[in-house]
Amino acid sequence: MKQRVGSLLRERFDRDVVLEKPKDRSFGHFSTPIAFSLAKELRKSPMLIAQELSASFGEADMFSAVESVQGYINFRLSETFLDEYASWILTNPDQFGKDEKVQKILLEFVSANPTGPLHIGHARGAVYGDTLLRLGRHLGYDITAEYYVNDAGNQIDLLGLSIQLEGQATILNQEVEWPESFYRGEYMTDLTTKAVAHFGVEILTDVTRQRELALWAKESVMELIVQTLGATNIHFDTFVNESSLYAQWDRVMSKMGEGVYQKDEKIFIASSQKGDDSDRVVVREDGRPTYLAGDIIYHNQKFERAYDHYINIWGADHHGYIPRVKAAVDFLGYDSSKLEVQLSQMVSLLKDGEPYKMSKRAGNVILMSDIVEEIGSDALRFIFASKKSDTALEFDVEEFKKQDSSNPIYYIQYAHARIRTLVAKSELSTQEIQKSALKGLSADADSLLFEALLLPEIIEDAFHSRQVQKLTDYLKSLAAKLHKFYYDCRIIGSEDEAKLLKILEVVALSLKTGMNLLGIEAKDRMVREEEEA
RNA sequence: GCGCUCGUGGCUCAACUGGAUAGAGUAUCGGACUUCGAAUCCGGCGGUUAUAGGUUCGAAUCCUAUCGGGCGCACCA
């Protein structure tokens, strides 16, 4: 819709035109302040320019009115145009907001270490990434969702060791000397029991089999992670194991040419030439690669797979790491501007206004699975989608258990369910509703319809700005408009029943499509929890 | 110390990326069910957009400085 108006104006004025939603709907559906920017070149007052420009329209059937107000040019879409659009999407509901973008994108997210279950911080990145994925795919982008599994390095050794120690302490009842850091929590107890069942008790004391044990345990942890993600409607297309990459090291290193050099028995990457604070070690004196080495091979492999664009979602504590990876991509001979890193900030949880208790049982973290169990996947997804991912977020789990308007999930679901029950109650057939011509609408009805038809613009904007909260904001405000409309205007039995229901069908479709893009299922009926029992 | 980032009603967040009178929710106070689901709606209170300068037709948004919070500054991942 906005695109069509935009391209029309671009043709007319021969330049990009800023289109905005007027603060006050009585001004029209769209407006542009273009006269202000033209004022300087044309050496005329904005008011005059706006008047002349608006007078030059009038004949276009897309608009029913074009007016100038204090330098702004306001456009009002014609009812015919809105009606055609509404009819079209109601007969092609799957196409609402769809587009046909052609880019291939690799989206890497979560990538949590396979050494323990996901915690609440991971959940945020997971939801953010998956929401972007859904939005992008809806727009037609060919996106691969990838999980990078860090199954190499110290942490994996530590995983093996931790299981052995856990087993020695709890199963063999031996005195154990615990290292400074090790993995703990309920899942470790489970893992240990399973390991003994699988390998026999000998595995607990055989130092030479630590790695074997660790690699087995990793698979088990990954299953747990995949399961937790699945419970939140998050699924990956591909998993890349860090351990599988090192065979390519020599080839990748020679590919970087001058980008790497040897010094003090170590190998460095000259990332300081590319804007990093200093050069970084990629291979230690003893020949063991650093974490960065793995990431270099991984990114080389990503670029060899030839996508048009790459998005990484990282925890915000890794932001200092961006320059060195970009430097590596540059040295590998690829365009590092194709690599985009989005950060996901910290989450702090409250319960009844107090800090949420970290469970000792889980190893002093808040588990994603616990929160999903407590407030549900829908609520969790909604909260995390509703705030910019790169700013810190604090929320109270109790807020999202309430079943009233203070809980946006219920508020939006209720709006959708209200429409569904209304339509079910009406004597009119779907045919009659969809065929009715939208003419002579009240200002409120027109405004509601227009708002519902705005969804495609919101999807586009939310994806391209990577700000998925624009979608949740939109759904909240559309639901609010619906509730108000419902309250003000009697629908069943009114002489406009068919028209009004047609508009409401568009609203319902918009809400449902939006919720699905958030990974939330729209309900046709609301059921109170206590009624279920 | 250096780098990144954020600072908007009591609280949680918006503001179309430089545009019209800075908006929602929550809290609080007060109203609306013999009518399509009150899981809803309406109204009141609450702001010098951290502070001080600057840029221009126009600034919460851009620039500079100051103050305050967060994160990072590994041969850990």
Side-chain angles (χ1 to χ4, degrees), chain A residues 2 18-24 27 30-37 39-40 45-46 69-72 74 111-113 115 150 152-156 158 181 242 264 266-268 277-278 280-286 288-295 315-323 343 345-346 350 353 383 386-388 390-396 399 402-408 410-411 413-415 417-419 421-426 454 457-458 461 465 467 469-470 472-473 476-477 479-480 482-494 497 500 525-528:
Chain A
K2 189 173 179 178
V18 178
L19 264 189
E20 51 194 44
K21 235 170 84 183
K23 287 259 154 66
D24 187 339
F27 284 136
F30 289 112
S31 71
T32 176
I34 189 168
F36 292 100
S37 30
K40 214 171 214 174
S45 96
V69 179
Q70 298 188 350
Y72 287 84
N74 300 324
S111 296
N113 290 341
T115 52
N150 294 126
N154 293 339
Q155 55 184 347
I156 277 294
L158 198 56
S181 64
E242 182 187 359
D264 304 332
K266 294 174 255 193
I267 298 174
F268 287 78
D277 294 337
S278 67
R280 311 289 172 177
V281 174
V282 288
V283 180
R284 306 176 177 92
E285 272 174 291
D286 59 9
R288 282 159 52 234
T290 63
Y291 176 78
L292 180 59
D295 241 358
D317 52 342
H318 286 58
H319 75 252
Y321 198 77
I322 300 171
L343 301 175
Q345 263 288 3
M346 315 230 339
L350 300 175
I383 303 158
S386 61
K387 194 177 172 187
K388 276 195 199 102
D390 65 347
T391 54
L393 167 71
E394 182 180 273
F395 77 93
D396 195 317
E399 292 284 312
K402 293 188 190 154
Q403 299 179 54
D404 59 38
S405 64
S406 68
N407 185 342
Y410 278 83
Y411 190 72
Q413 290 283 22
Y414 182 37
R418 263 190 153 165
I419 298 173
T421 42
L422 265 188
V423 172
K425 195 160 272 180
S426 168
L454 232 33
E457 277 86 75
I458 304 296
D461 186 21
S465 64
Q467 296 183 13
Q469 83 282 0
K470 294 191 176 193
T472 56
D473 288 347
K476 277 189 265 189
S477 95
L482 182 276
H483 286 307
K484 181 167 168 50
F485 188 81
Y486 177 92
Y487 194 85
D488 290 344
C489 177
R490 174 85 199 182
I491 293 155
I492 303 281
S494 114
E497 183 171 332
L500 296 177
R525 213 165 71 84
M526 300 297 279
V527 180
R528 279 184 186 276

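First the proteins, then the strands, lettered A, B, ... as listed; each starts at 1. Computed over heavy atoms, backbone and side chain alike; hydrogens, waters and symmetry mates excluded. A quick note: this is a predicted structure, and the numbers were derived from the prediction, not measured.
Side chain of A/Y72, nearest nucleotide from B/C41, B/G19, B/A77: B/G19. Looking at the side chain of A/Y486, the nearest of the listed nucleotides B/A77, B/C57, B/A38 is B/A38.
Note that SG of A/C489 is 5.0 Å distant from CG of A/L500, once rounded to the nearest 0.5 Å. With rounding to the nearest 0.5 Å, the separation of CD1 in A/I419 from CZ in A/F485 is 10.5 Å. A/K425 contributes atom NZ, which lies 12.0 Å from atom CD1 of A/I491 (distance to the nearest 0.5 angstrom). Note that OH of A/Y486 and CG of A/L422 are 5.5 Å apart. Values are rounded to the nearest 0.5 Å. Taken from CD in A/E285 to CD1 in A/I267, the straight-line distance is 12.0 Å, to the nearest 0.5 Å. In this structure, CG on A/L393 lies 10.5 Å from CE on A/M346, to the nearest 0.5 angstrom.
Backbone-only engagement by A/T290 is indicated by non-hydrogen atom pairs under 4.0 Å involving sugar-phosphate atoms exclusively. A/R418 comes within contact range of the sugar-phosphate backbone alone, with a heavy-atom separation under 4.0 Å but no base atom that close. Among the protein residues, A/S31 comes within range of the nucleic acid bases, having at least one heavy atom under 4.0 Å from a base atom. Using a 4.0 Å heavy-atom cutoff across all strands shown, A/F27 reaches at least one base atom of the nucleic acid. Within 4.0 Å (heavy atoms only), A/D317 reaches sugar-phosphate atoms of the nucleic acid but no base atom. Counting non-hydrogen atoms under 4.0 angstrom, A/Q70 reaches nothing in the nucleic acid. Across all strands, A/N74 comes closer than 4.0 Å to base atoms (heavy-atom distances).
Going from atom CG of A/L292 over to atom P of B/A74 covers 13 Å, rounded to whole Å. Counting to the nearest Å, the P atom of B/U40 and the NZ atom of A/K484 are 15 Å from each other. Counting to the nearest Å, the P atom of B/A39 and the OH atom of A/Y414 are 5 Å from each other. When rounded to the nearest whole Å, the span between CG of A/L343 and C1' of B/C4 equals 9 Å. What separates CG of A/L482 from P of B/C41 is a distance of 10 Å, to the nearest Å. Between A/K470 atom NZ and B/A24 atom C1' there is a gap of 16 Å when expressed in whole angstrom units. Separating the CD1 atom of A/I419 from the P atom of B/G37 is a distance of 13 Å, rounded to the nearest angstrom. B/C42 atom C1' lies 17 Å from atom CZ of A/F485, rounded to whole Å.
Under the 90° criterion around 0 for the glycosidic angle, B/C33 counts as syn. For B/U17, the glycosidic angle deviates from 0 by 90° or less, giving a syn base.
A donor-acceptor contact shorter than 3.5 Å links the side chain of A/H483 to the backbone of A/Y411. A/R288 places no side-chain N or O within donor-acceptor distance of the main-chain N or O of A/T290, the cut-off being under 3.5 Å. The main-chain N or O of A/N150 is found under 3.5 Å from a side-chain atom of A/Q155 such that the two form a donor-acceptor pair. Listed for the A/T472 side chain is a donor-acceptor partner under 3.5 Å among the backbone atoms of A/Q469.
Between the P atoms of B/G70 and B/A59, the separation comes to 33 Å (whole Å). Comparing the same atom, C1', in B/A74 and in B/G69 gives a spacing of 26 Å after rounding to whole Å. Nucleotides B/G18 and B/U56 are separated by 10 Å at their C1' atoms, to the nearest Å. Across the C1' atoms, B/U8 and B/A24 are found 13 Å apart, a figure rounded to whole Å. B/G43 and B/U5 have their C1' atoms separated by 40 Å, with the value rounded to a whole Å. Nucleotides B/C62 and B/C16 are separated by 11 Å at their P atoms, to the nearest Å. Rounded to the nearest Å, the gap between the P atom of B/G10 and that of B/C4 is 32 Å. Comparing the P positions of B/U40 and B/A20 gives a spacing of 31 Å, expressed to the nearest Å.
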If you restrict it to nitrogen or oxygen atoms, what contacts under 3.5 Å exist between nucleotides 29-33 of chain B and the protein, and what is each distance?
residue, atom, partner, partner atom, Å
B/A32, N3, A/Y487, OH, 3.1

Output a table of nitrogen or oxygen pairs between the protein and nucleotides 8-14 of chain B separated by less than 3.5 Å.
residue, atom, partner, partner atom, Å
B/C13, OP1, A/K387, NZ, 2.4

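Contact record, A/G294 with A/E242: CA-OE2, 4.3 Å, taken as the closest heavy-atom pair. Residue A/F395 comes nearest to A/I383 through the heavy atom pair CE1-CD1, 3.4 Å, listed as atom of the first residue, atom of the second, then distance.
You'll find the side chain of A/I458 stays beyond 4.5 Å of the side chain of A/D473, heavy atoms only. No side-chain heavy atom of A/L158 sits less than 4.5 Å from a side-chain heavy atom of A/T115.
Residue A/K21 is the one, among A/K21 and A/M346, whose nearest nucleotide of RNA chain B lies closer to the 5' end (criterion: closest heavy atom). Summary of the strand contacts: A/P289 and A/A480 both lie near RNA chain B, and taking for each the nucleotide with the nearest heavy atom, the more 5' one is attributed to A/A480.
The side chain of A/Y410 places no N or O atom within less than 4.0 Å of a non-bridging phosphate oxygen (OP1 or OP2) of B/G25. At least one side-chain nitrogen or oxygen of A/N154 sits closer than 4.0 Å to the OP1 or OP2 atom of B/A77. The side chain of A/R280 places no N or O atom within less than 4.0 Å of a non-bridging phosphate oxygen (OP1 or OP2) of B/C73.
Aromatic ring orientation, A/Y72 versus A/F36: perpendicular (interplanar angle above 60°, classes split at 30° and 60°).
Contact annotation: side chain of A/Q467 to base of B/U17, donor-acceptor pair present below 3.5 Å. The base of B/G3 sits with one of its N or O atoms less than 3.5 Å from a complementary donor or acceptor on the side chain of A/H319.
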How does RNA chain B look in dot-bracket notation if pairs are Watson-Crick or G-U with both distances under 3.5 Å, crossing ones as [ ], other-strand ones as |? (((((((..((((.....[...)))).(((((.......))))).....(((((..]....))))))))))))....

